[in-house]
Amino acid sequence: MGLMEGELEIIRAEVEAVLEKYDLDREKLIPILQGVQVKLGYLPKEAMRQIAEALKVPEVDVYGVGTFYNQFRMNPPGKHQFKVCMGTACHMTGGRIIMESFERRLSISEGETTPDREFSLERVACVGCCALAPVVVVDETVEAKVRPTRVDGILLGFGLERAAPEKTAPDEGIDQGEEGREQ
Amino acid sequence: MSDSALVVEQNYEQLKNLALQKHGEIKEKPYVLVGTATCGRAAGALGVLDTFRNEIDNRQLDVNIIEVGCMGHCYAEPMVIIYKPGFPPLCYGSVDEGKAARLVTDFLIEDDPCFEFAMAALEPNDLFPTFGDYPRGVYEQKVILADCGLIDPENIDDYLACGGYGALAKALAMKPEEVIAEIKDAQLRGRGGAGFPTGIKWETCHDTPGPLKYVICNADEGDPGAFMDRALLESNPHQVLEGLVISACAVGASQGYLYVRAEYPLAITRLHTALEQARAKGLLGESILGSSFSFDIEIFKGSGAFVCGEETALIASIEGHAGIPTHRPPFPAVSGLRGKPTLIDNVKTLSYIPHIVQKGADWFKSIGTPNSPGTAVFALAGKVVGTGLVEVPMGTTLRTLIYDVGDGIKDGKTFKAVQIGGPSGGCLPESALDISIDFDSLREAGAMMGSGGIVVLNEDDCMVEVARFFLEFVQNESCGKCTFCRLGTKQMLDILTDITKGHGRPGDIELLLDLAEDIKTGSLCGLGKTAPNPVLTTINFFRHEYEAHINEGRCPALMCKDLITFHISAEKCSKLCDACVGSCPVEAVYTRPDMLKAIHLDKCVKCDNCLTTCRTLYDAVIKKSPPAAEEGVS
Ligand SMILES: Cc1cc2nc3c(=O)[nH]c(=O)nc-3n(C[C@H](O)[C@H](O)[C@H](O)COP(=O)(O)O)c2cc1C
Ligand code: FES
């Protein structure tokens, strides 16, 4: 994925700021990657190269660690993230159905981001709220006992007008109104 | 008593008295506890908390509001406990903002305790039953969950006032060998899954010479259906910390790590707070409680890899590498983190330590069974009424756990199986319900204690799909080192996927059994060795479901999407209702000329919406397997 203008400078500066907080020691690789992801939302190739240089380890090592762990993203996420739980309890109480509802409404598949980078859809393996399954994590908030109708409600909260079942075609454009997105 | 022991005792008494004094002041006026662990928050606890704050502020009441963890009754979240002098402490479940406002006006201002939405009292009284008056309370015996949901996890004084860190003070005055002897004598077995005797592991680490040793608390809780460790960390973090400090003191470690999975942000926040407070009180850091023992703890945040719960992978992860297990021996207790002797214990295991040090091995052995003493903590989830966290003596039967403690199966459905032990465990049927729960008997039944995740399944759950789900999980999580684990699980997953899609072939079951054996013997770590368990147990107990899929293209539980179709029964459908039409996200449900409803099968995405909507109205939506044609629906 190509970088937009000015992005490279931002990446450089953010990575530099994170590196300053840690000893430049191989053991700090994972915390550094976590720190960079908190700042940038993902691990750009340029960032991994910069980290490899700073820690004096081969770039492939950084890439290897980055891709081994599920938490690290190699592509920029959406501004808002929906993480659908696919743990045992959620799976058995309809997690798959919830995932498909999101996929239908957002016209993207699991693991993807909408073209306007507004929303991304991910799966997680258990967030520890199994008693209230199925569970979706909307940004940082855990939503319990989610039904497909609640998926519509969640999206409506973000100004996504698709819940009206009578008329709207599944792949209609995204309403990007600013109002609903604040909370 | 030696001088240093005296200093430790004096320092501890001072801390405790201060805490008791503060605690006493709080108790003089009414106070409200709101459970704001992750489960409470998911159910809306933060809104309830705000309502209490606003109502109490607006009315200028002299009432304290305290955020606590989880009492284990997750089915009744958000939960609130109100202490008001003159009344027994009362616990309220499923509290929403409206109920919260009423509790303020009716109970805190007036004297009406709103019994209509109270769950139980916490102390025996003449007004209202206690938890002990319900089956769940009768069969539960809380040791490490006892204070969860009752004490403020962000206030160390609450823990100190309940006698917390007393075991540490006691252990500091003992010889390390004496502490280890007590743990050994208690026959405590590791609660992280394998059930290895904790005392023996401690002794090995203690006996390995070396100036530098480490202790690690394994809070990676990777089983995708378990949440005991999360609840313990969020509800009573100091109990774990105390256990970890005692373990360090016993084996002679100077540095500790808490390896917490990244999906638990609240646990990490509360642990950070707890660490700071413990340092400020001299319970961590240089010369703890004035003794010669120095020790500190760092939090290491995981990055989402199930295999990192395995101890050697966990160590690799802390060292900055991909979490790939290595061969044992050498065991970490001999050569672990950075090649130094390293003790790794699970959150629950460590939580028992302060209790055993305080009350002694004999007390611990008086609970549970001879080979598995103590209690077991389970996360009950799935199709059971009383979902949540429970703690029962080892040896309790699965039947008691599900029907008495868990209050039976939800929605009047029929029990089918219980999945125990997560991806390493198995599915046990009705006939296995009288097995008593302990490490050995579960293993004999083909399942595993695992970490303690229990998911109850009912008639609507397809056992082939359950097996496929776990295989998909371990396949994703296999680190790829061992060929059998990497490729064998892929092969099994492909076969299972085919079966659930109706493409199963005769002989598939035998092929699965063969592959299972190969993977078990050909894998290095527990992930691969136990990965086939869910498949083996489901074939063993539910072979007929596999056969129905393979031979008839039929999913008996009506779950596998490719093998079912949705229909509307003309006999049950009402001409006057069109709830199902509105509920359909893809306009597959339509109104026929005769005003009855029907479903366009080519449009239907099988999302269950119409079925759920209609269930309480006319119950006219039905599923058929094998798939049926649109016409000819009765
Ligand atoms: C694939 C795999 C995953 C594991 N996951 C965990 C885990 O999430 N938490 C845990 O405490 N132990 C886990 N273990 C067990 C650990 O390797 C180790 O036995 C345990 O932390 C020791 O602590 P204990 O003696 O207190 O049980 C796992 C083991 C394997 C093979
Ligand atoms: S399985 Fe979804 S929260 Fe645990």
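The sequence lines fix the lettering, A, B, ..., with proteins before strands; numbering per chain opens at 1. Predicted model, so just to flag it, every value in this text is computed and none were measured.
For A:Tyr69 (side chain) and B:Gly302 (main-chain N/O), no donor-acceptor pair under 3.5 Å exists by modelled atom type. Within the 3.5 Å criterion, the main-chain N or O of B:Lys301 finds a donor-acceptor partner in the side chain of A:Gln34.
When all heavy atoms of A:Phe68 and B:Cys479 are compared, the pair lying nearest together is CE1-CB, 3.9 Å. Of all heavy-atom pairs between A:Val142 and B:Thr38, the closest is CG2-CG2, 4.1 Å. Of all heavy-atom pairs spanning B:Cys607 and A:Arg104, the tightest one is CB-NH2, 4.1 Å. Closest non-hydrogen pair, B:Phe470 versus A:Thr88, comes out as CZ-CG2, 3.4 Å.
Residue B:Met228: no heavy atom, backbone or side chain, is found under 4.5 Å from chain A. Residue B:Cys70: no heavy atom, backbone or side chain, is found under 4.5 Å from chain A. Neither the backbone nor the side chain of B:Thr613 comes within less than 4.5 Å of any heavy atom in chain A. With a threshold of 4.5 angstrom between heavy atoms, A:Ala133 does not approach chain B through any atom at all. With a 4.5 Å cut-off on non-hydrogen atoms, B:Glu221 does not touch chain A at all. Only the backbone of B:Ala226 comes within contact range of chain A, judged by heavy atoms closer than 4.5 Å. At a 4.5 Å heavy-atom cutoff, the contact between A:Pro148 and chain B is made by backbone and side-chain atoms alike. Looking at A:Arg147, only its side chain comes within 4.5 Å of chain B, counting heavy atoms on both sides. Only the side chain of B:Val307 comes within less than 4.5 Å of a heavy atom in chain A; its backbone stays farther off. Contacts of B:Leu457 with chain A are made by side-chain atoms alone, with heavy-atom separations under 4.5 Å and no backbone atom involved.
To the nearest 0.5 Å, atoms CZ (B:Phe473) and CE (A:Met86) are separated by 13.5 Å. Once rounded to the nearest 0.5 Å, the distance linking CZ of A:Arg96 with NZ of B:Lys561 reads 7.5 Å. Between B:Phe300 atom CZ and A:Ile30 atom CD1 the span is 4.5 Å, to the nearest 0.5 Å. Separating the SG atom in A:Cys126 from the CZ atom in B:Arg261 is a distance of 5.5 Å, to the nearest 0.5 Å. Atom CZ in B:Arg41 sits 14.5 Å away from atom CD in A:Glu143 (nearest 0.5 Å).
The residues A:Lys83 and B:Glu263 are annotated as not salt-bridged, no charged nitrogen and carboxylate oxygen being separated by less than 4.0 angstrom.
The residue among A:Leu132, A:Leu29, A:Asp25 with the most heavy atom pairs within less than 4.5 Å of chain B is A:Leu132. Interface summary for chain A: among B:Val605, B:Asp223, B:Asp229, the most heavy-atom pairs under 4.5 angstrom belong to B:Val605. For the set B:Ala37, B:Gly382, B:Ala42, B:Ala381, the entry with the most heavy-atom pairs within less than 4.5 Å of chain A is B:Ala42. Annotation: maximal heavy-atom pairing with chain A below 4.5 Å, among B:Ala305, B:Gly44, B:Cys308, B:Gly320, occurs at B:Gly320. When the candidates B:Ala267, B:Gly480, B:Gly453, B:Ser317 are compared by the number of heavy-atom contacts under 4.5 Å with chain A, B:Ser317 comes out ahead.
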Determine, stepwise, if the pair A:His91 / B:Glu465 fulfils side chain to side chain contact (heavy atoms under 4.5 Å, CB included).
CA-CA 10 Å; A:His91 178 79; B:Glu465 173 55 25; 2.7 Å; yes
Check the pair A:Cys130 / B:Val455 against side chain to side chain contact (heavy atoms under 4.5 Å, CB included), numbers first and verdict last.
CA-CA 9 Å; A:Cys130 321; B:Val455 182; over 6 Å; no
Steps toward side chain to side chain contact (heavy atoms under 4.5 Å, CB included) verdict (B:Phe306, A:Asn70)
CA-CA 9 Å; B:Phe306 171 66; A:Asn70 299 329; over 6 Å; no
With side chain to side chain contact (heavy atoms under 4.5 Å, CB included) as the criterion, how do A:Phe72 and B:Ser303 come out once you've worked through the C-alpha distance, each side chain's angles and the decisive distance to 0.1 Å?
CA-CA 7 Å; A:Phe72 295 124; B:Ser303 285; 3.5 Å; yes
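Environment of NZ in A:Lys39: sparse, with no more than 12 heavy atoms of neighbouring residues, nucleotides or ligands closer than 6.0 Å.
The closest side-chain heavy-atom distance from A:Asp61 to B:His321 is not below 4.5 Å.
Of the candidates B:Asp461, B:Asp460, B:Val456, B:Asp461 is the only one forming a side chain to side chain contact (heavy atoms under 4.5 Å, CB included) with A:Met92.
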